2 protein chains.
Amino acid sequence: MRSRGYHGVSFRELADDVGIKSASVHYYFPQKVDLAVALVARYSKTFFAGLDKNAGDASSSQLLRTYCSAYRSALELSERACLCGMFGAESCGLPKPVADAVAAFFEANMVWIGRTLPKDIAPRTRRIRSAQILAALQGGLMIAATLKDHGLFDGVVKRVLADNAP
Amino acid sequence: MRSRGYHGVSFRELADDVGIKSASVHYYFPQKVDLAVALVARYSKTFFAGLDKNAGDASSSQLLRTYCSAYRSALELSERACLCGMFGAESCGLPKPVADAVAAFFEANMVWIGRTLPKDIAPRTRRIRSAQILAALQGGLMIAATLKDHGLFDGVVKRVLADNAP
DNA sequence: GTCTATAATTTGATAGAC
DNA sequence: GTCTATCAAATTATAGAC
């Protein structure tokens, strides 16, 4: 789903990849919606667990660096954009439960990013600045994957870190 | 395709929307790839024609404002992200001719954006700074559409314009 | 819990009448 | 150039044996 989107994946193909039959997939995820929602849930859990593990009690600017590294490794490991970047692009054509889960993932990202910003910012401004950073990284990931040029993503990260230095 | 992606669209449904039969669509676009490639070509042509029309002999900073407005109106008119934002997310799961067309669209965007930047920048830096702007706008469009919060996109644009003021 | 088998529908695509 | 008719394959999903 990360490379072909929600509509580009079939139960049979998925089952073949895992080495089981499609009926067995339906046993765990009756409908395709269930599968996608579970996928976003697992993705989100893994993503934030990795973040928190690498965050520790680091400084603000170090936290943002950690956040950016998480995105970079997604690009490095899979040559693909973020699962929720894919679902975000599709969001208005997705079953509502999936679209809602993706929106929640982005909101959670903005909260996490918000914590890396200076303490004296108003909540509204914080939200917008978080969205700016999230947008730059998601967009950067997508552009870099499409143009197969990781350097472009690194350029985006460099700018994000420079603009948000303490 | 802009809302459901390449795999989420069928010849029959498309034909129904237009009020013809699917066989007639195949007459013009024998394969689905042909349809998508033509779609990107038309989208790209319309997009740049609109840009150039509104550009005139404006100053650099005005040009960037024009570019950002083009994105904003896409969000306003259709509540959707860019067609190539969608295809970009899908790009690694797309037939090669489509992925290539999308990559070409992004490259052309970066060239256009590059012209709005100060003249004394090295080509390499120019390319990276263009990618930063493109990424911010594409990402901002996607985030704003997913969260149904246009204000977030406006926040991104504000930052882009401020950071790239002459 | 995994399988076989299959239902019901949809898909991309073609042949050929008009 | 648009249609009817149709194909072959794929799709989501279910029933029921083991």
Side-chain angles (χ1 to χ4, degrees), chain A residues 1-46 80 83-84 86-103 105 146, chain B residues 1-46 80-81 83-103 105 146:
Chain A
M1 286 197 179
R2 210 161 152 190
S3 49
R4 295 217 286 270
Y6 181 81
H7 301 98
V9 164
S10 78
F11 280 82
R12 264 180 178 78
E13 188 186 12
L14 170 61
D16 283 350
D17 281 0
V18 187
I20 56 176
K21 295 296 170 178
S22 73
S24 301
V25 181
H26 279 285
Y27 175 78
Y28 294 98
F29 310 102
Q31 316 250 54
K32 200 177 185 181
V33 190
D34 306 315
L35 177 63
V37 168
L39 207 51
V40 173
R42 188 185 69 175
Y43 186 83
S44 184
K45 195 179 157 187
T46 306
R80 251 164 222 98
L83 171 73
C84 291
M86 174 75 247
F87 281 167
E90 283 184 303
S91 74
C92 74
L94 244 36
K96 196 169 180 309
V98 187
D100 288 346
V102 175
F105 175 79
T146 301
Chain B
M1 289 198 177
R2 211 162 150 187
S3 48
R4 296 217 286 268
Y6 181 81
H7 300 97
V9 164
S10 79
F11 280 82
R12 268 179 177 77
E13 187 185 14
L14 170 61
D16 283 350
D17 280 1
V18 187
I20 56 176
K21 295 295 169 180
S22 73
S24 301
V25 181
H26 279 284
Y27 175 78
Y28 293 97
F29 310 101
Q31 317 250 54
K32 201 177 184 181
V33 191
D34 306 316
L35 177 63
V37 168
L39 207 51
V40 173
R42 189 187 67 175
Y43 186 84
S44 183
K45 194 178 158 189
T46 308
R80 251 165 223 96
L83 172 73
C84 292
M86 173 76 245
F87 281 167
E90 283 184 303
S91 75
C92 72
L94 244 37
K96 195 166 181 312
V98 187
D100 287 347
V102 174
F105 176 78
T146 300

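Letters A, B, ... mirror the listed sequences (proteins, then strands); counts begin at 1. Since the model is a prediction, treat every value here as computed from it, not as a measurement.
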### Query
Tell me: NZ of B:Lys32 to P of C:dT14, nearest whole Å?
15 Å
### Query
Is the side chain of A:Arg4 donor-acceptor paired with the backbone N or O of B:His7 at a distance under 3.5 Å, no angle test?
no
### Query
Which residue lies toward the 5' end of DNA chain C, B:Gly8 or B:Ala23, if each is placed at its nearest nucleotide?
B:Gly8
### Summary
Taking every heavy atom of A:Ser91 against every heavy atom of B:Thr146, the minimum-distance pair comes out as OG-OG1, 3.6 Å
### Message
Any base atoms under 4.0 Å from B:Val9, or only sugar-phosphate, or nothing? Heavy atoms, all strands.
### Response
sugar-phosphate
### Query
Does A:Gly5 offer a backbone N or O that forms a donor-acceptor pair with the side chain of B:Glu90 under 3.5 Å?
no
### Query
So does A:Asp16 pair up with A:Arg12, basic N to acidic O under 4.0 Å?
no
### Message
Below 4.0 Å from chain B heavy atoms, what is the first contacting nucleotide of DNA chain D and what is the last?
### Response
D:dG1 to D:dT6
### Query
Between the main-chain N or O of A:Val40 and the side-chain N or O of A:Lys45, is there a donor-acceptor pair closer than 3.5 Å?
no
### Query
Should B:Gln31 be listed as having a side-chain N or O under 4.0 Å from OP1 or OP2 of C:dA13?
yes
### Audit row: A:Phe87, A:Phe105, side chain to side chain contact (heavy atoms under 4.5 Å, CB included) steps and yes/no
CA-CA 11 Å; A:Phe87 281 167; A:Phe105 175 79; over 6 Å; no
### Query
Would you say A:Thr46's side chain and A:Arg42's backbone share a donor-acceptor pair under 3.5 angstrom?
yes
### Query
Counting only non-hydrogen atoms, which of residues 11-19 of chain A are less than 4.0 Å from DNA chain D?
A:Phe11, A:Arg12
#### Entry: Separation of C:dA13 C1' from B:Lys21 NZ (nearest whole Å)
16 Å
### Query
Is it the case that A:Lys32 places NZ or CZ above or below the six-membered ring of A:Tyr6, under 6.0 angstrom from the centre and within 45 degrees of the axis?
yes
